[in-house]
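The structure under discussion appears below in the form of structure tokens.
Values reported hereafter were calculated over all heavy atoms of this structure, with side chains retained and with hydrogens, waters and symmetry mates removed.
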Amino acid sequence: FDADQGAQAVKEAGGFIEMHHGSHEEKVVLINLVENKTLEPQEDDQRFIVDGWAAGKFDLDVPNFLVAAAATVEMLGGPKKAKIIVA
């Protein structure tokens, strides 16, 4: 998937895309592995949220998906720490 193909796949699966407004000031990356759970953004405590479980729903390679997400955060000058959520 490229960004446009990914967005289209999410929409076709009944999801939606949220656009970020303002500057990137995330303090942490949250890698969410809890199936069918999506964390809500918090405007006053910005965090980059990656729903790792969703990669499997689109037949993506989960480790490659997470590496790509981490690379995106690094390119944006984001945080260098992550929390993995499993429950």
Checklist outcome for this item: In this structure, CG of Leu39 is separated from CG of Leu30 (nearest 0.5 Å) by 6.0 Å
Next on the checklist: Using 0.5 Å steps for rounding, measure from the NZ atom of Lys37 to the CG atom of Asp51.
Outcome noted: 10.5 Å
Next on the checklist: Is it the case that the side chain of Asn32 and the backbone of Val34 share a donor-acceptor pair, with hydrogens and angles ignored and the cut-off at 3.5 Å?
Outcome noted: yes
Item to check | Single hit among Gln5, Lys11, Glu12 for side chain to side chain donor-acceptor pair (under 3.5 Å) with Gln8 | outcome: Glu12
Checklist entry - Do you know the tightest heavy-atom contact between Trp53 and Thr38? => result CZ2-OG1, 3.6 Å
Checklist entry - How about Asn36 and Lys57: does a side-chain donor come under 3.5 Å of a side-chain acceptor? => result yes
Checklist entry - Shortest non-hydrogen contact from Lys83 to Val28? => result CG-CG2, 4.0 Å
Next on the checklist: Would you compute the distance between atom CD1 of Ile31 and atom CG of Leu66 and round it to the nearest 0.5 angstrom?
Outcome noted: 5.5 Å
Item to check | Closest approach of Val62 to Gly56 (non-hydrogen atoms, all atoms of both residues) | outcome: CG2-N, 4.1 Å
Next on the checklist: On a heavy-atom basis, which atom in Ala69 and which in Val50 lie closest, and how many Å separate them?
Outcome noted: CB-CG2, 3.7 Å
Checklist entry - Given the rule that I, L, V, M, F, W and Y join up when any side-chain heavy atoms are under 4.5 Å apart, are Phe65 and Ile17 in one cluster? => result yes
Checklist entry - With the 4.5 Å side-chain cut-off for hydrophobic clustering, are Val67 and Met75 part of the same group? => result no
